[in-house]
Enquirer: 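Please see the structure below; I have some questions.
All residue numbers refer to positions in the sequence shown, counting from 1.
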Amino acid sequence: MRRGSSAEPAVLLVGGGIAGGGAEARLARLAEHLFGGIADVAVLHDNGSLGQTHRGKILRLHWKNRWSYLGIAIQLQRLIRQSHYDVVFAFGLFPIAVASMALLGMTNRPKLIINEITRPHENLKNANRFRRFMHTVTIKRLYTCADLITANSIDGLRETCQMMGRHAECGIRLPNIVDADRVGMLATQRSSISICHERYMVWVGRLDAMKRVDTIVEAYSRAGCAGECGLVIVGDGEARERLERLVRSLGVQDSVTFIGVLENPLPILSAAAALVLASEYEGFSNAVLEAMFCDVPVVTSYCSSDAREMCRQGAALGFEVGDVDGLAENMGRIVRNEAADQQLVQQARLYRAPHELKQAISSYEAAIRSVL
């Protein structure tokens with residue numbers, strides 16, 4: 001490989017940041033473990049730190065606003081020329097745009113792998129015409145210079161390839177990355193939050209209309225299990241006040257608890273009877289995998305092809321988006337049928353396996369080697 005000092009390829013990971021959940025957590029785990037932790041990392045936001053297993057460099061690009069991108073691309077190009085990378089691996093729209101601009105005009109440039117972290121079509125559904133146009137043009141112009149297209153969800157890969165005019169078979173779906181030991185450690189941390197329900201179902205996320213938490217509240221009311229099992233809502237957002245009114249109007253305010261945002265929701269999640277999601281759409285939910293690694297049953301709307309697949313495999317219970325009665329039936333099954341719960345947990349252990357740290361990292365390393 002170009003550096004000569006290692007048998008492994010020289011890789012630069014480019015992302016938004018390394019602090020937080022979702023794509024940022026995935027980038028951090030990759031930096032710490034990819035090829036033994038030797039990859040360098042460039043991040044737009046100056047946040048977070050990496051564990052001791054990371055032996056590469058961290059370049060903080062100090063993004064401030066949309067006018068920062070050109071300067072960041074020039075800075076990144078200088079780094080790439082100096083370090084002679086074999087592969088640049090970029091995660092998410094803006095890091096991909098910066099990486100693509102940095103590689104423009106370079107001779108003997110490194111291979112570029114892009115990873116779409118969302119669902120482009122669904123994310124733009126409610127956007128104005130100008131934003132949809134600019135987003136589509138950006139993807140078609142900048143993503144096409146990629147040597148490999150990847151995404152961590154079935155729909156994310158399909159929608160990205162569609163916008164680029166390519167078949168989904170041209171890309172690779174890569175797993176999320178879950179460090180089971182880290183999840184277990186965070187789940188056993190002592191929480192300052194006291195739950196008044198001995199048994200409860202939980203929802204975790206951002207309270208906005210797309211998450212359809214109103215479906216969960218209405219289904220919980222119809223399921224008639226308030227005396228047996230509470231409902232805990234972890235998170236905050238613009239829909240909270242409306243949801244609190246809905247809870248009062250349905251008369252279940254004594255059984256539904258709003259907790260707000262938690263830095264570490266895993267102690268609450270790991271003790272739940274089930275994780276419930278009712279989103280209109282998702283890419284691939286980290287909360288679902290964390291629940292599965294905590295052996296917590298999952299109930300989810302068919303918000304994605306991944307959700308349908310996990311339900312088809314018996315790793316979760318599913319219902320159509322907005323189907324209050326279908327969700328209420330699943331809630332009742334969770335509360336009253338412990339044997340069914342155990343069956344879900346057993347199937348979820350099989351489903352979650354490719355996302356476990358060691359196996360997932362191997363998938364990313366194989367994708368990198370495939371372009372070389």
Enquirer: Honestly curious: do I149 and F94 fall in one hydrophobic cluster under the side-chain, below-4.5 Å linking rule?
Expert: yes

Enquirer: Are V232 and V276 connected in the hydrophobic side-chain network, where two residues link if heavy atoms are under 4.5 Å apart?
Expert: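 V232 and V276: separate clusters.
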
Enquirer: Scan side-chain atoms only and decide if Y364 and R29 contain a donor-acceptor pair under the 3.5 Å cut-off.
Expert: no

Enquirer: R206 side chain to G237 main-chain N or O, any donor-acceptor pair under 3.5 Å?
Expert: no

Enquirer: Just say parallel, tilted or perpendicular for the rings of Y351 and F284, cut-offs at 30° and 60°.
Expert: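 Because their plane-to-plane angle is under 30°, the rings of Y351 and F284 count as parallel.
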
Enquirer: Give a yes or no on whether V204 and M292 share a hydrophobic cluster (residues Ile, Leu, Val, Met, Phe, Trp, Tyr; joining criterion: side-chain heavy atoms under 4.5 Å apart).
Expert: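 Yes.
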
Enquirer: Going by side-chain heavy atoms closer than 4.5 Å, which hydrophobic residues are tied to I154, directly or by a chain of links?
Expert: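 Besides I154, the cluster holds no residue at all.
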
Enquirer: Taking C-beta and beyond as the side chain, do L357 and I361 meet within less than 4.5 Å on heavy atoms?
Expert: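 Contact flag for L357/I361 side chains = yes.
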
Enquirer: Determine whether E309 and Q313 satisfy the following criterion, side-chain hydrogen bond (donor to acceptor under 3.5 Å, both in side chains), listing intermediate values before the conclusion.
Expert: CA-CA 6 Å; E309 179 61 19; Q313 293 185 27; 2.7 Å; yes

Enquirer: Is there side-chain contact between M210 and S279, with at least one heavy-atom pair below 4.5 Å?
Expert: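 M210 vs S279: side chains touch.
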
Enquirer: Atom OG of S363 and atom CD1 of I368: how far apart are they, to the nearest 0.5 Å?
Expert: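 That separation rounds to 11.0 Å.
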
Enquirer: Determine whether a donor-acceptor pair (N or O, by modelled atom type, separation under 3.5 Å) exists between the side chain of T188 and the backbone of M185.
Expert: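 Checked: pair present.
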
Enquirer: Taking T160 for its side chain and L157 for its backbone only, find out whether a donor-acceptor pair lies under 3.5 Å.
Expert: no

Enquirer: Indicate the atoms forming the closest heavy-atom contact of G156 with A151, along with that distance.
Expert: C-CB, 3.8 Å

Enquirer: Looking at side-chain heavy atoms only, is the closest gap between L327 and I216 below 4.5 Å?
Expert: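 Heavy-atom side-chain distance check passes, below 4.5 Å.
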
Enquirer: Just checking R199: does its CZ atom have more than 12 heavy atoms from other residues, nucleotides or ligands closer to it than 6.0 angstrom?
Expert: yes

Enquirer: Please check this pair: side chain of D40 against backbone of K57, looking for a donor-acceptor N/O pair closer than 3.5 Å.
Expert: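 It does hold such a pair.
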
Enquirer: Under a 4.0 Å threshold between the charged nitrogen and the carboxylate oxygen, would E329 count as salt-bridged to R222?
Expert: no

Enquirer: Please confirm whether the backbone N or O of L174 pairs with a side-chain atom of N152, one donor and one acceptor, at under 3.5 Å?
Expert: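 Checking the backbone N and O of L174 against the side chain of N152, no donor-acceptor pair under 3.5 Å is found.
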
Enquirer: Given F319 and M331, is the side-chain contact (heavy atoms from CB on, under 4.5 Å) satisfied, shown in steps?
Expert: CA-CA 11 Å; F319 61 97; M331 284 179 161; over 6 Å; no

Enquirer: If you link I, L, V, M, F, W and Y whenever their side-chain heavy atoms are under 4.5 Å apart, who else ends up in the same group as V345?
Expert: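 Listed partners: none, V345 stands alone.
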
Enquirer: Taking it one step at a time, do R333 and L317 satisfy side-chain contact (heavy atoms from CB on, under 4.5 Å)?
Expert: CA-CA 10 Å; R333 177 179 170 183; L317 296 178; 3.1 Å; yes

Enquirer: Just by distance, do the side chain of E218 and the backbone of V324 share a donor-acceptor pair under 3.5 Å?
Expert: no

Enquirer: Is D295 salt-bridged to R352, going by a charged N under 4.0 Å from an acidic O?
Expert: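 Counted as a salt bridge, because a side-chain N and a carboxylate O are separated by less than 4.0 Å.
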
Enquirer: For the residue pair Q347 and L350, establish whether any side-chain heavy-atom pair is separated by less than 4.5 Å.
Expert: yes

Enquirer: Give a yes or no on whether Y69 and V88 share a hydrophobic cluster (residues Ile, Leu, Val, Met, Phe, Trp, Tyr; joining criterion: side-chain heavy atoms under 4.5 Å apart).
Expert: yes

Enquirer: Is any side-chain heavy atom of K111 less than 4.5 Å from a side-chain heavy atom of D86?
Expert: no

Enquirer: Stepwise, does the side-chain contact (heavy atoms from CB on, under 4.5 Å) test hold for E282 with T300?
Expert: CA-CA 11 Å; E282 293 281 354; T300 178; over 6 Å; no

Enquirer: Tell me, do V335 and M201 make a side-chain contact under 4.5 Å, heavy atoms counted?
Expert: yes

Enquirer: Do E241 and R245 meet the salt-bridge criterion of a basic N to acidic O distance under 4.0 Å?
Expert: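 A salt bridge is present here (some side-chain N lies under 4.0 Å from a carboxylate O).
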
Enquirer: Same hydrophobic cluster for L70 and L44, using side-chain heavy-atom links shorter than 4.5 Å among ILVMFWY?
Expert: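 Unlinked, L70 and L44 end up in two clusters.
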
Enquirer: Short question: side chain of D208, backbone of E238 - any donor-acceptor pair under 3.5 Å?
Expert: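 No.
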
Enquirer: Tell me whether the count of non-hydrogen atoms from other residues, nucleotides or ligands lying under 6.0 Å of CD in Q343 goes above 12.
Expert: no

Enquirer: Quick one, D306 and V288 - any side-chain contact, counting heavy atoms below 4.5 Å?
Expert: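 Not in contact.
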
Enquirer: With a 3.5 Å distance limit and no angle check, can you tell me whether H197 reaches the backbone of S255 through a side-chain donor-acceptor pair?
Expert: yes

Enquirer: If every non-hydrogen atom of S301 is compared with every non-hydrogen atom of V321, which pair is closest and at what distance?
Expert: CB-CG2, 4.1 Å

Enquirer: Would D155 and R158 pass as an ion pair if we require N to O under 4.0 Å?
Expert: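 Salt bridge present between D155 and R158.
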
Enquirer: Kindly indicate whether the side chain of I259, heavy atoms from C-beta on, has any atom under 4.5 Å from the side chain of I195.
Expert: yes

Enquirer: Assess the residue pair S370 and L148 against the criterion (side-chain contact (heavy atoms from CB on, under 4.5 Å)); give the C-alpha distance rounded to whole Å, side-chain angles, the decisive distance to 0.1 Å, and a yes or no.
Expert: CA-CA 9 Å; S370 75; L148 180 62; 4.0 Å; yes

Enquirer: Consider side-chain contact (heavy atoms from CB on, under 4.5 Å). Of L59, L30, V11, L50, which one does V41 pass it with?
Expert: L50

Enquirer: Hey, is E116 close enough to R173 for a salt bridge, meaning N to O under 4.0 Å?
Expert: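 Looking at R173 together with E116, the answer is no, because their closest N to O distance does not fall below 4.0 Å.
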
Enquirer: I need the full list of ring pair (Phe, Tyr, Trp, His ring centres under 6.0 Å) pairs touching residues 199-253, with sequence neighbours left out, sorted by first then second residue.
Expert: none

